[in-house]
Each structure stands twice: as C-alpha cells, then as structure tokens.
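Following: one structure in structure tokens, then a few remarks.
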Amino acid sequence: QVHLVESGGGLVQPGGSLRLSCVGSGPTFTFKNNDIGWFRQAPGKEREFVATISASGSLTQYDESVKGRFTISRDNDRSTVSLQMNNLAPGDTAVYYCAASGGRFWPKIRADEYSSWGQGTQVSVSS
C-alpha cells in the first residue's frame, strides 16, 4: 500500500507564492523508483496535469499554464517531492494532488498513468 500525503496549501493573494510538499511511504513502496506528478482539480472541472518529475529527478515536465512560474523538485533521501508555485493567479485555485507511478515510460501527463494518489491540499488565490 502506498501512502502519499500533500501539505502546504492555503490562501494567498494574487502574485504570491506557496510551496507544496508530497511525502511518500508504504511497506512495499520505494519512493526513489517512482515518477511523481502533481495534478489539480478546480470545482466543476476535470483533474488536470500540472507537473511531473522522473524517479531520479533528472527530468521534469510542466503544463504550459504553469511553465516559468512553478518548479518541481524532489529529495529521494526524504521521500519528498516539492512544488514551488510563484506568481500565483486566481486561475490556479484548485485542490492539488500528488501521484506516483512506477512505469518506465516518460513523460506521464495523464491521470490514468498514475496508480497511487494523495488526498489533496487546497490552494486558493484571492485578494
């Protein structure tokens, strides 16, 4: 069983920043062998891809809507992936989820390519 826990969400004004974290654990889960993705879901909308990072951390990919504003990184020694979000806008308001996948192909940008999910953390951008 895989356990992913997101944290760091909150309310921020437009132009502000937040840093999300995702910590992975589990008796049969090897964090460093999994690509980790961030997705988000706004009310009434489908879950959408935000960013992903390869198991080693050497590869990253971003959705065009966040490129240049968000940065994904990981620390495998701490089983943690972070998403640094800068210059936030109201359109970034959503529940943010991290997800894990042990598959070998790259990049994974569809939700159905990930097998394990966290419970989500709310990000709200409003003045």
Side-chain angles (χ1 to χ4, degrees):
Q1 185 176 357
V2 179
H3 194 211
L4 298 174
V5 180
E6 302 96 336
S7 62
L11 174 64
V12 64
Q13 291 185 343
S17 298
L18 283 175
R19 186 177 182 87
L20 306 184
S21 294
C22 171
V23 178
S25 64
T28 61
F29 181 62
T30 304
F31 186 85
K32 66 180 181 180
N33 291 345
N34 281 260
D35 297 346
I36 302 294
W38 283 97
F39 290 76
R40 64 188 181 186
Q41 188 165 18
K45 295 187 177 181
E46 293 189 354
R47 192 167 298 189
E48 63 178 14
F49 168 75
V50 175
T52 186
I53 188 166
S54 62
S56 67
S58 61
L59 300 173
T60 60
Q61 180 139 338
Y62 300 89
D63 183 76
E64 286 295 324
S65 65
V66 307
K67 198 174 290 186
R69 300 188 298 125
F70 290 11
T71 302
I72 190 171
S73 61
R74 69 188 295 160
D75 182 343
N76 283 339
D77 289 338
R78 298 184 178 184
S79 299
T80 301
V81 167
S82 298
L83 184 69
Q84 177 67 41
M85 306 187 296
N86 298 329
N87 194 21
L88 284 160
D92 296 316
T93 295
V95 177
Y96 282 70
Y97 300 89
C98 68
S101 174
R104 293 186 178 274
F105 63 93
W106 173 267
K108 304 179 187 70
I109 63 172
R110 298 200 325 259
D112 62 3
E113 293 170 333
Y114 291 82
S115 55
S116 302
W117 292 81
Q119 82 291 346
T121 185
Q122 176 69 48
V123 171
S124 299
V125 184
S126 174
S127 55

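Sequence positions, counted from 1, serve as the residue numbers for this chain.
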### Task
Could you list the residues that satisfy salt bridge (Lys or Arg N to Asp or Glu O under 4.0 Å) with R110, not counting sequence neighbours?
D112, E113
### Summary
Applying salt bridge (Lys or Arg N to Asp or Glu O under 4.0 Å) to K32 and not counting sequence neighbours gives none
### Task
Check ring pair (Phe, Tyr, Trp, His ring centres under 6.0 Å) between Y114 and all other residues, then give those that pass, not counting sequence neighbours.
F39
Can you name the nearest heavy-atom pair linking [X] to [Y], along with the distance?
X   : Y   : value
A94 : R40 : CB-CB, 3.8 Å
T93 : A42 : O-CB, 3.6 Å
F49 : Q61 : CZ-O, 3.5 Å
T52 : I36 : OG1-O, 3.1 Å
Q1  : T28 : N-OG1, 3.7 Å

Below 4.5 Å, heavy atoms only, C-beta onward: do [X] and [Y] meet side chain to side chain?
X    : Y   : value
Q119 : E6  : yes
Q41  : Y97 : yes
F29  : H3  : no

### Query
Any side-chain donor-acceptor pair under 3.5 Å between S82 and Q84?
no
